[in-house]
Amino acid sequence: MNPQPLHLHNTLSRNKERFAPQNPPLVGLYVCGPTVYGEAHLGHARPYLTFDVLVRYLSHQGYRVRYVRNITDVGHLEHDADEGEDKIASKARLEQLEPMEIAELYTRSFHASMRALNILPPNIEPRASGHIPEQLQMIEELIECGYAYESAGSVYFDVATYATRYPYGQLSGRVSDELQAGAGNERRALEGQSEKRNPADFALWKKAQPTHIMRWSSPWSEGFPGWHIECSAMSRKYLGEPFDIHGGGMDLLFPHHESEIAQSQACCGQVPARLWMHNNMVTIDGQKMGKSLGNFITLNELFTGNHPRLSQPFDPMVIRFFVLQAHYRSTLDFSSEALQAAEKGYKRFMDGVGVLMQLKSDAATDDFEVDPLISMLYEALNDDLNTPMLIARLYEFLPQIHRMHEGKANLSAPSLSRLQQEVQMLVNNVLGLNTPERKTDIHLEGVMELLLEIRQQAKERRDFASSDEIRMRLESLGIQIKDGKDKSEWSLI
RNA sequence: GGUCGGAUGGCCGAGUGGCUAGGCAGAGCUCUGCAAAAGCUCCUACAGCGGUUCGAAUCCGCUUCCGACCUCCA
């Protein structure tokens with residue numbers, strides 16, 4: 001069935017590598033989750049969609065995936081914050097809510113958006129706030145090994161010492177030389193720099209300012225964990241080390257993932273994950289869609305159409321289709337027009353798939369070969385999860401489906417049923433595209449049948465005024481009539 | 001300044017050293033009382049300049065432009 005095995009691009013080697021988990025059929029996957037201090041936007045959806053397809057495909061291939069995706073709810077520095085102010089704490093004062101209330105609110109909103117996009121929940125969704133002991137433990141280990149030091153109540157990772165034994169910067173291709181510290185024209189004035197031995201050092205534990213609401217006690221100070229340690233601690237707890245795949249957005253490559261590698265390597269002597277996958281950014285007007293740039297469109301705004309850049313609401317499945325029509329390692333440029341194009345394409349695509357599913361066969365022989373076709377579909381996925389290629393090949397097959405529908409081509413019952421199963425599997429289970437069945441109650445069915453019958457009679461006596469009025473008024477009620485050759489069909493808009 | 005990645009037809013987006021991805025838009029046609037939908041057909045692009053090659057959008061070099069990252073951003 002699968003002509004060639006699954007290959008995935010590994011950021012660590014910058015090559016496509018054959019996917020081979022350490023302990024098949026088990027696969028350990030960790031993906032960096034959201035920081036829950038704001039509404040999730042389209043940019044956030046991309047990694048979760050990408051890795052959703054990965055998880056679905058791996059499961060489809062018979063792997064048993066343990067998918068861990070964290071919730072960052074301990075709060076980190078605001079981009080423009082003055083003095084190490086906690087993101088969540090600062091928002092809390094604005095809204096007069098408890099920090100954890102905010103985290104909870106946005107966590108729920110995030111979950112709702114993920115559900116709408118048909119993104120399967122991870123197997124474990126650990127919260128950083130629920131894993132403070134694990135993080136403290138890891139920090140202590142790092143201090144014991146001599147890779148971390150305390151300074152004014154905070155604890156920092158000692159990059160210089162680390163770099164004497166391990167290659168720092170192997171993931172991002174960055175050199176750990178002095179060069180980078182002094183380079184750059186507009187270095188940001190960062191809080192806590194003076195406490196560090198080296199500008200490249202990063203925080204494992206931060207002492208909380210008096211204004212800082214979210215805080216936990218530790219051997220060093222009342223404070224909160226550094227940004228990178230939660231992922232290291234939680235992935236180690238639930239997946240062990242090394243685990244198979246670590247994923248996230250490309251913007252996390254440095255410093256986040258580089259730091260994770262350093263922490264784990266210093267602690268456990270090895271790079272935490274064997275395969276590192278990074279999705280590219282969603283752009284808008286050629287620029288990264290991001291919180292700090294303020295150019296983002298939230299998922300809820302997309303679903304409701306409530307944004308100046310949007311001409312209409314978009315079905316979550318259209319968003320999903322739109323994202324999957326680009327390869328995950330390419331940037332994807334957002335525009336309302338592009339989404340509208342995706343919407344139309346999606347409808348035609350799913351209609352075609354629907355026609356295929358309805359087909360029945362009474363033919364004895366095949367007019368074309370099914371196997372090569374199916375192989376082509378899998379080849380696309382196996383080549384680094386090339387969903388746009390998979391979708392394009394399914395599109396190319398659409399005319400053949402219609403030919404069969406018109407009786408111009410035939411497949412034997414076994415071949416047809418195999419094709420139907422495979423396509424359904426790929427479209428629904430792997431790509432995760434579903435047209436939810438519109439629930440129509442039995443009364444409406446009957447009423448519509450009656451109405452269409454009356455309209456048909458009107459048409460037969462060439463009373464087009466009446467038949468057109470019925471069609472028009474139904475349309476204003478949200479019911480669309482399509483006249484076929486000898487009967488009409490109706491559907492909810 | 002450094003590291004990395006891009007530049008593909010009106011728009012969105014794949015891709016391979018030779019065989020015109022695909023979608024949307026546009027044009028024409030078929031079907032049709034009219035619509036709608038659907039189907040068929042057409043629209044042959046790869047930033048620029050060199051080089052390698054029998055052949056390059058695809059490999060190499062240079063140029064221009066764009067983006068991501070450079071310590072808490074998916």
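In what follows, every chain begins at residue 1, and chains take the letters A, B, ... in the order their sequences are listed.
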*asked:* Is it the case that the ring center of A/Phe157 lies less than 6.0 angstrom away from the ring center of A/Tyr162?
replied: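 Yes: the rings meet the under 6.0 Å criterion.
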
*Within residues 246-262 of chain A or reaching into it, pairs that qualify as salt bridge (Lys or Arg N to Asp or Glu O under 4.0 Å) - sequence neighbours excluded*: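 Only A/Asp251-A/Lys288 qualify under salt bridge (Lys or Arg N to Asp or Glu O under 4.0 Å).
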
_Quick test of your reading: applying salt bridge (Lys or Arg N to Asp or Glu O under 4.0 Å), list the pairs with at least one residue in residues 338-352 of chain A, sequence neighbours left out, ordered by first then second residue._
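Residue pairs passing salt bridge (Lys or Arg N to Asp or Glu O under 4.0 Å), neighbours aside: A/Lys347-A/Asp351.
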
_Given B/rG33, B/rU71, B/rA14, the nucleotide with the shortest approach to the side chain of A/Arg455_ = B/rG33

*Under a cut-off of 3.5 Å for both distances of each Watson-Crick or G-U pair, what dot-bracket string does RNA chain B give, using [ ] for crossing pairs and | for inter-strand pairs?*
(((((((..(((.....[...))).(((((.......)))))....(((((..]....))))))))))))....

Going by side-chain hydrogen bond (donor to acceptor under 3.5 Å, both in side chains), name the residues that satisfy it together with [X], two or more places apart in sequence or in a different chain.
X	answer
A/Arg236	A/Glu141
A/Gln400	A/Arg403
A/His111	A/Glu125
A/Lys408	A/Glu406

Within this structure, what is the [atom1]-to-[atom2] distance between [X] and [N], rounded to whole angstrom?
X	N	atom1	atom2	value
A/Leu204	B/rC72	CG	P	14 Å
A/Ile481	B/rA38	CD1	P	16 Å
A/Trp276	B/rC4	CH2	P	19 Å

_Please enumerate all residues that pass side-chain contact (heavy atoms from CB on, under 4.5 Å) together with A/Ser154, with sequence neighbours excluded._
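Only A/Tyr156, A/Glu195, A/Lys206, A/Lys207 meet the side-chain contact (heavy atoms from CB on, under 4.5 Å) criterion with A/Ser154.
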
Nucleotide N/O to protein N/O under 3.5 Å, stretch nucleotides 43-48 of chain B:
none

_Contact state string [nucleotides 17-30 of chain B, B base, S sugar-phosphate only, - no protein heavy atom under 4.0 Å]_ = ----BSSSS-----

*Output all residues satisfying salt bridge (Lys or Arg N to Asp or Glu O under 4.0 Å) with A/Arg115, sequence neighbours left out; order by chain, then residue number.*
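Counting only residues at least two positions away or on another chain, A/Arg115 forms no salt bridge (Lys or Arg N to Asp or Glu O under 4.0 Å).
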
*With A/Arg215 via salt bridge (Lys or Arg N to Asp or Glu O under 4.0 Å) - residues at least two apart*: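 Partners of A/Arg215 by the salt bridge (Lys or Arg N to Asp or Glu O under 4.0 Å) criterion, ordered by chain and then number, come out as A/Glu222.
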
*asked:* What contact category does A/Gly286 fall into here, base, sugar-phosphate, or nothing, at under 4.0 angstrom with non-hydrogen atoms?
replied: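 Here A/Gly286 touches the backbone only, sparing every base.
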
